[in-house]
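Just below is one structure, and these are the notes that go with it.
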Amino acid sequence: MSVVQEEFGMKENDTAMDANNFLETIFMILNSILDYTKDLEEKTPSIFDHYHHSQDSDKSSLSTSYSDSSSGGSDFYCELDKYDIEDFIVLCYKKMGFSLNLLVLSMMYLDKLLANNFILTYTNVHKVFFICMMETQKYYDDINFKNKDYAKLCGITIDELLELELEFMNYMNFNLNIKDEDFLNYKKKLKKLYQSNIMISNKYIENQEVDEDDN
């Protein structure tokens, strides 16, 4: 058993860092990347940019003990154009029974994509991050769903899901293994980024309060 599974535990309580705060950090990173690449969308030669609605009339989807009743329980079905990336990730996080450690691994896969000259844009970010989450779950988690369930959750056909998965694996050189040391270091960096962001936010609030007092 690896450090990822043993020391931290895939279903840990994640008390060291609140899930909402961790998600906010991920959203900050993604939005920074998207702001940087927003003018490059037409230059992205990737099948992730092609959009197709699922033609499957059966809209039942993932149903686990982690399901959120507010999103319709097992009847949750996602149409990508109706959700911003933040809401989409939160819904997938709940429906797939994710832990923070799985999100760390998903971000590491995303980093590998970017390191291989993949351009993340507003057009492809939903599918890209979903595939990162799906492959993380397939490789590292005890919970696994059928491809048809993943396709329904993402709102695409099974054929497109398999096509996207192959594209992803090509970028990964068909190697999803992440060293324990790399995982631990990456998680520490994300925590430091979160803490730095909190310090900046608090400093901004303090300055605003000082300005108001001067007036």
Original post:
Tell me, do F129 and L103 make a side-chain contact under 4.5 Å, heavy atoms counted?
Top reply: yes
Original post:
Can you name the residues that form a side chain to side chain contact (heavy atoms under 4.5 Å, CB included) with N175, not counting sequence neighbours?
Top reply: N177
**OP:** Evaluate the side-chain proximity of L153 to M96: yes if any heavy-atom separation is below 4.5 Å, no if none is.
**Re:** yes
**OP:** For side chain to side chain contact (heavy atoms under 4.5 Å, CB included), just list the numbers for K94 and V90, CA-CA rounded to whole Å, side-chain angles, deciding distance to a tenth of an Å, and then say yes or no.
**Re:** CA-CA 6 Å; K94 292 177 180 178; V90 169; 3.8 Å; yes
Original post:
Quick one: does N170's side chain get under 4.5 Å of L166's, heavy atoms only?
Top reply: yes
**OP:** Starting at CD1 of I131, measure out to CE of M172 and round the result to the nearest 0.5 Å.
**Re:** 12.0 Å
Subject >> Close side-chain approach of S99 and L102, heavy atoms under 4.5 Å >> reply: yes
Original post:
How long is the span from the CG atom in D182 to the CG atom in L105, to the nearest 0.5 Å?
Top reply: 11.0 Å
**OP:** Considering non-hydrogen atoms only, spot the tightest contact between D141 and G97 and give its length.
**Re:** OD2-O, 4.3 Å
Original post:
How long is the gap from CD1 on I33 to NZ on K38, to the nearest 0.5 Å?
Top reply: 14.5 Å
Original post:
Is the side chain of N101 donor-acceptor paired with the backbone N or O of K187 at a distance under 3.5 Å, no angle test?
Top reply: no
Original post:
Are any non-hydrogen side-chain atoms of C154 and L164 less than 4.5 angstrom apart?
Top reply: no
Original post:
Do N31 and Y36 have side-chain N/O donor and acceptor atoms under 3.5 Å apart?
Top reply: no
Original post:
Have N147 and K138 got a donor and an acceptor in their side chains that come within less than 3.5 Å?
Top reply: yes
**OP:** Taking the six-membered ring for Trp and the full ring for Phe, Tyr or His, determine whether the centres of Y194 and F22 are under 6.0 Å apart.
**Re:** no
Subject >> Validation row: T121, V125 side chains within 4.5 angstrom (heavy atoms) >> reply: no
**OP:** Under the side chain to side chain contact (heavy atoms under 4.5 Å, CB included) rule, what do L114 and I119 come out as? Steps first, then yes or no, please.
**Re:** CA-CA 7 Å; L114 300 178; I119 301 176; over 6 Å; no
Original post:
Is the shortest heavy-atom distance from the side chain of K127 to the side chain of E160 under 4.5 Å?
Top reply: yes
Subject >> D87: partners by side chain to side chain contact (heavy atoms under 4.5 Å, CB included), with sequence neighbours left out >> reply: Y83, D84
Original post:
Distance from C92 atom SG to F98 atom CZ, nearest 0.5 Å?
Top reply: 8.5 Å
**OP:** Please report the shortest heavy-atom distance between L176 and Y140, naming the atom on each side.
**Re:** O-OH, 3.7 Å
Original post:
Under 3.5 Å, is there a donor-acceptor pair between the side chain of T37 and the main chain of L120?
Top reply: yes
Subject >> Residue pairs fulfilling side-chain hydrogen bond (donor to acceptor under 3.5 Å, both in side chains) with at least one residue in residues 102-113, sequence neighbours excluded >> reply: S106-T136, D111-Y186
**OP:** Output all residues satisfying side chain to side chain contact (heavy atoms under 4.5 Å, CB included) with E24, sequence neighbours left out; order by chain, then residue number.
**Re:** N21
**OP:** Could you pull out all residues at least two apart from K189 that satisfy salt bridge (Lys or Arg N to Asp or Glu O under 4.0 Å)?
**Re:** none
Original post:
Going only through I, L, V, M, F, W and Y residues with side-chain contacts under 4.5 Å, is there a path from L162 to F174?
Top reply: no
**OP:** Kindly assign one of parallel, tilted or perpendicular to the pair Y150 and F145, based on the angle between their ring planes and the thresholds 30° and 60°.
**Re:** perpendicular
Subject >> Linked, directly or transitively: Y139 and V128 (ILVMFWY side chains, under 4.5 Å) >> reply: yes
Subject >> Nearest-0.5 Å distance, CD1 of residue I178 to CE of residue M108 >> reply: 4.5 Å
Original post:
Is any side-chain heavy atom of I89 less than 4.5 Å from a side-chain heavy atom of L30?
Top reply: yes
**OP:** Any chance you could lay out the side chain to side chain contact (heavy atoms under 4.5 Å, CB included) test for M169 and E135, step after step, and finish with the verdict?
**Re:** CA-CA 9 Å; M169 292 301 295; E135 295 304 324; 4.2 Å; yes
Subject >> Listed partners of N185 passing side chain to side chain contact (heavy atoms under 4.5 Å, CB included), at least two apart >> reply: E181
Original post:
Does the side chain to side chain contact (heavy atoms under 4.5 Å, CB included) test come out yes or no for F130 and I156, once each step is laid out?
Top reply: CA-CA 11 Å; F130 178 81; I156 59 178; 5.8 Å; no
Subject >> Interatomic spacing from CG in L23 to CE in M28 - rounded to 0.5 Å >> reply: 12.5 Å
